[in-house]
Novice: 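Structure below; questions to follow.
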Amino acid sequence: MNSVVGLDVAKGESQVQAFLDQSEPYGKSFSIKHTREELDRFIGFLKEIEEVTAKMPMIILESTGHYHTPVIQYLEEQGVLYILLNPIISYQAKKSSLRKVKTDAIDAYQLCVLYYKEDFEPHKIRGIQLLDLRNLSRQQEIVTNMYVEAKLQFHTILDQVFPEYRKVFGDLYSKVSLLMLKEYPTSEAVLTVGESKLAESVMEFCPSRSGQWAWEKAKKIMDSASRNPFGTSVYQSHLINLRMYIELLFHYQGHLSDLEDRIVALANEMEEYKMIQSIPGIGEKIAATIISEIGEIDRFNHPKKLVAFAGVDPSVHSSGKFTATINRITKRGSSRLRHSLYLAVLCGIRSSRNKKLKAFYDKKKSEGKPAKVAIVACINKLLHWIYALLKRKEMFLDLA
């Protein structure tokens, strides 16, 4: 007998439906909460099915953001095999029914039905190191987006208080630049203290630079204050907001620096990291994202499966005598992996850093391919190289 248990996972609980074999449901569906006690009860239910069928049933469930995490971690602790489905697959299966009914019990039932229609492989457990690296890389992306949003809001406030300050420092977001603005947020404050005091503050906030550099910056701040259209700040709220966003920028900079150090330290413990970095155009950050999103290369038995995982495989549309000639990429895989590969290709073909990739890109362009199509072809080629390197445990040789 080929038994299976379908789990429709929701926040904090799951609906359970069991089948002893195809078209043989076992009892009625029931719900379990994601607590230790309830999950222990669920294992007891699995053993009950094992007594009937002489085999531990397979578990099938959807990937649902982070809601399924406590369930699969518990199953892995108990050594129970499970199939983790892409929601797109199960969604398409549910649409095949003529009846428009949506309940948790029916969803669990449909997962079991789908199990008998398709040939699924059990989910391969990923290493803790790679999962840690993936979590850190994704968190870095989230914090980066928050940092960018804070920068935009900071610009909006600065434009209403001291717009001319932008021209003083090469890097507006450097430590010395933000500290000086926090100390002297208005042209009135700058002109009141004078050039000598400003130079002292610059040297205090940036002791690594020379006194001459500090005096040059102090003069620039004075000049910017004299040009500033806002002689005095009418709104106290602007000054409060400016100070708040400066503190937020420091906060995000600290978190991003810490995350980057941790990511690099963790990635350096993996041999795959150096292999990926041996490809010209792939730096530390991109390499870390690529290996964390791909995971163990043994999960893929062919480079085309890795290409599909990245979502850069072409879609196919054919009906009757019609076959589409313009096929876009599916974009159904890891968007983070796809974005990292796109950046890697741009870095590689720029200034011919990656001679092999640049030659391939030029070949596609000479065939009349648009730039975007040629870049997608390069991403595909890059994935094949990555697959070969990780499988053979070799370094990349860029010989054009």
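Residues: numbered from 1 along the sequence shown.
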Novice: Does atom CZ (Arg262) have a neighbourhood of more than 12 heavy atoms from anything else shown, all under 6.0 Å?
Specialist: no
Novice: Do we see a donor-acceptor contact under 3.5 Å between the side chains of Tyr74 and Asp40?
Specialist: yes
Novice: Does NZ or CZ of Lys151 come closer than 6.0 Å to the centre of the six-membered ring of Tyr173, within 45° of the ring's axis?
Specialist: yes
Novice: Salt-bridge test for Glu141 and Arg138: reply yes if a basic N is under 4.0 Å from a carboxylate O, no otherwise.
Specialist: no
Novice: Mind checking whether Val373 and Leu357 sit in one hydrophobic cluster, side chains of I, L, V, M, F, W, Y counted as touching below 4.5 Å?
Specialist: no
Novice: Assess the residue pair His384 and Asn380 against the criterion (side-chain hydrogen bond (donor to acceptor under 3.5 Å, both in side chains)); give the C-alpha distance rounded to whole Å, side-chain angles, the decisive distance to 0.1 Å, and a yes or no.
Specialist: CA-CA 7 Å; His384 278 73; Asn380 199 306; 3.2 Å; yes
Novice: Is Ile279 close to Leu382 at the side-chain level, that is, under 4.5 Å between some pair of heavy atoms?
Specialist: yes
Novice: Taking the six-membered ring of Phe309, is the NZ or CZ of Arg299 close enough (under 6.0 Å from the centre) and on axis enough (within 45°)?
Specialist: yes
Novice: Identify whether NZ of Lys or CZ of Arg in Lys381 sits under 6.0 Å from the centre of the six-membered ring of Phe360 and within 45° of that ring's axis.
Specialist: yes
Novice: Using a strict 4.0 Å threshold on nitrogen-to-oxygen distance, state whether Glu77 and Arg36 make a salt bridge.
Specialist: yes
Novice: Considering only distance and modelled atom types, tabulate donor-acceptor pairs under 3.5 Å from the side chains of residues 219-226, sequence neighbours left out.
Specialist:
unit_1	atom_1	unit_2	atom_2	d
Lys219	NZ	Asp223	OD2	3.4
Ser224	OG	Lys220	O	3.4
Ser224	OG	Ile221	O	2.7
Ser226	OG	Asp223	O	2.6

Novice: Around Gln73, counting heavy atoms of other residues, nucleotides and ligands shown, do more than 12 lie under 6.0 Å from its CD?
Specialist: no
Novice: Answer with yes or no after comparing the ring centroid distance for Phe19 and Tyr109 against a 6.0 Å cut-off, counting only values under it.
Specialist: yes
Novice: Less than 6.0 Å separating the ring centroids of Phe162 and Phe230?
Specialist: no
Novice: Is any side-chain N of the basic residue among Glu272 and Lys393 closer than 4.0 Å to the acidic one's carboxylate O?
Specialist: no
Novice: Which residues pass the side-chain hydrogen bond (donor to acceptor under 3.5 Å, both in side chains) test with Lys47, not counting sequence neighbours?
Specialist: none
Novice: I'd like to check Leu181 versus Phe154 (side-chain heavy atoms, cut-off strictly below 4.5 Å). Are they in contact?
Specialist: yes
Novice: Examine the side chains of Gln129 and Glu269 and answer whether a donor and an acceptor come within less than 3.5 Å of each other.
Specialist: yes
Novice: Is it true that Arg41 and Glu37 make a salt bridge, defined as a side-chain N closer than 4.0 Å to a carboxylate O?
Specialist: no
Novice: Would you check if there is a donor-acceptor pair between the side chains of Asn301 and Lys305 at a distance under 3.5 Å?
Specialist: yes
Novice: Side chains of Tyr26 and Glu48: any donor to acceptor distance under 3.5 Å?
Specialist: yes
Novice: Answer yes when Glu260 and Lys285 have at least one side-chain N-carboxylate O distance shorter than 4.0 Å, and no when they do not.
Specialist: no
Novice: Classify the side-chain pair Ser23/Tyr116 by whether it contains a donor and acceptor separated by less than 3.5 Å.
Specialist: no
Novice: Name the orientation class of the two ring planes belonging to Phe169 and Tyr165 (parallel below 30°, tilted from 30 to 60°, perpendicular beyond 60°).
Specialist: tilted
Novice: Would you say that Pro163 contacts Leu158 through its side chain, given a criterion of any heavy-atom pair below 4.5 Å between the two side chains?
Specialist: no
Novice: Side chains of Tyr82 and Glu76: do they bring a donor and an acceptor to under 3.5 Å?
Specialist: yes
Novice: In terms of side-chain geometry, is the basic nitrogen of Asp298 or Lys391 positioned less than 4.0 Å from the acidic oxygen of its partner?
Specialist: yes
Novice: Do Ser31 and Glu13 have side-chain N/O donor and acceptor atoms under 3.5 Å apart?
Specialist: no
Novice: Should we say atom OH of Tyr342 is surrounded by more than 12 heavy atoms from elsewhere, each under 6.0 Å from it?
Specialist: no
Novice: Flag this pair as yes if the NZ/CZ of Lys356 is under 6.0 angstrom from the six-membered ring centre of Phe396 and inside a 45 degree cone about the axis; otherwise no.
Specialist: yes
Novice: Inspect the contact between Lys167 and Glu164 and indicate whether a charged nitrogen and a carboxylate oxygen are less than 4.0 angstrom apart.
Specialist: yes
Novice: Quick one: are Leu346 and Ile375 in side-chain contact, heavy atoms under 4.5 Å?
Specialist: yes
